[in-house]
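First comes the structure, then the notes that go with it.
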Amino acid sequence: MTRRDWWIASLLIAIGLHCLVMSGIISASADVPSYLQLLFQICFWMGIPLLVGVMIYIIISFISKRKGRKT
């Protein structure tokens with residue numbers, strides 16, 4: 001992917017997160033601290049599975065490289 005593609009993908013993710021947070025906060029008071037708190041919670045709960053997946057990928061790639069050296 002080119003740099004422009006990454007920018008477009010990042011922009012679409014940011015817009016999607018904004019829409020998700022705004023729809024979650026529309027029924028509550030619409031002030032900035034509650035918006036930022038909900039945004040942080042959503043990013044935190046989305047980041048945990050991503051972090052676990054990356055850690056599993058790194059461990060599996062490390063093990064497969066190690067097995068490749070022995071044979």
Side-chain angles (χ1 to χ4, degrees):
M1 287 177 63
T2 64
R3 187 176 297 222
R4 189 181 89 203
D5 295 337
W6 282 108
W7 276 105
I8 292 171
S10 300
L11 184 65
L12 289 174
I13 289 171
I15 291 170
L17 278 174
H18 173 72
C19 291
L20 180 66
V21 171
M22 286 307 290
S23 68
I25 206 170
I26 203 85
S27 62
S29 63
D31 55 347
V32 174
S34 59
Y35 173 82
L36 293 176
Q37 181 183 9
L38 187 60
L39 179 66
F40 176 75
Q41 288 176 349
I42 289 172
C43 290
F44 178 74
W45 287 111
M46 286 175 53
I48 289 175
L50 289 173
L51 182 63
V52 169
V54 167
M55 289 175 64
I56 290 172
Y57 174 76
I58 289 171
I59 290 170
I60 289 173
S61 97
F62 179 73
I63 290 172
S64 67
K65 284 181 184 178
R66 210 164 174 169
K67 284 184 179 179
R69 287 185 197 164
K70 290 182 181 179
T71 58

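Bear in mind the structure is a predicted one, so any value in this text is a computation, not a measurement. Position 1 is the first residue of the sequence; numbering continues from there.
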Exercise. With sequence neighbours left out, write down each residue that passes side chain to side chain donor-acceptor pair (under 3.5 Å) with Ser61, or none if nothing qualifies.
Key: none
Quick one: [atom1] on [X] to [atom2] on [Y], what's the gap to the nearest 0.5 Å?
X: Ile15; Y: Ser10; atom1: CD1; atom2: OG; result: 11.0 Å
X: Phe62; Y: Tyr57; atom1: CZ; atom2: OH; result: 14.0 Å
X: Ile8; Y: Arg3; atom1: CD1; atom2: CZ; result: 13.5 Å
X: Trp7; Y: Arg4; atom1: CH2; atom2: CZ; result: 14.0 Å

What about [X] and [Y], same hydrophobic cluster or not, with Ile/Leu/Val/Met/Phe/Trp/Tyr joined at side-chain heavy-atom distances under 4.5 Å?
X: Leu39; Y: Ile13; result: yes
X: Phe44; Y: Leu51; result: no
X: Leu38; Y: Met46; result: yes
X: Leu20; Y: Leu36; result: yes

Exercise. Kindly give the cluster partners of Ile59, where membership spreads through any ILVMFWY side chain lying under 4.5 Å from a current member.
Key: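 Members alongside Ile59: Ile63.
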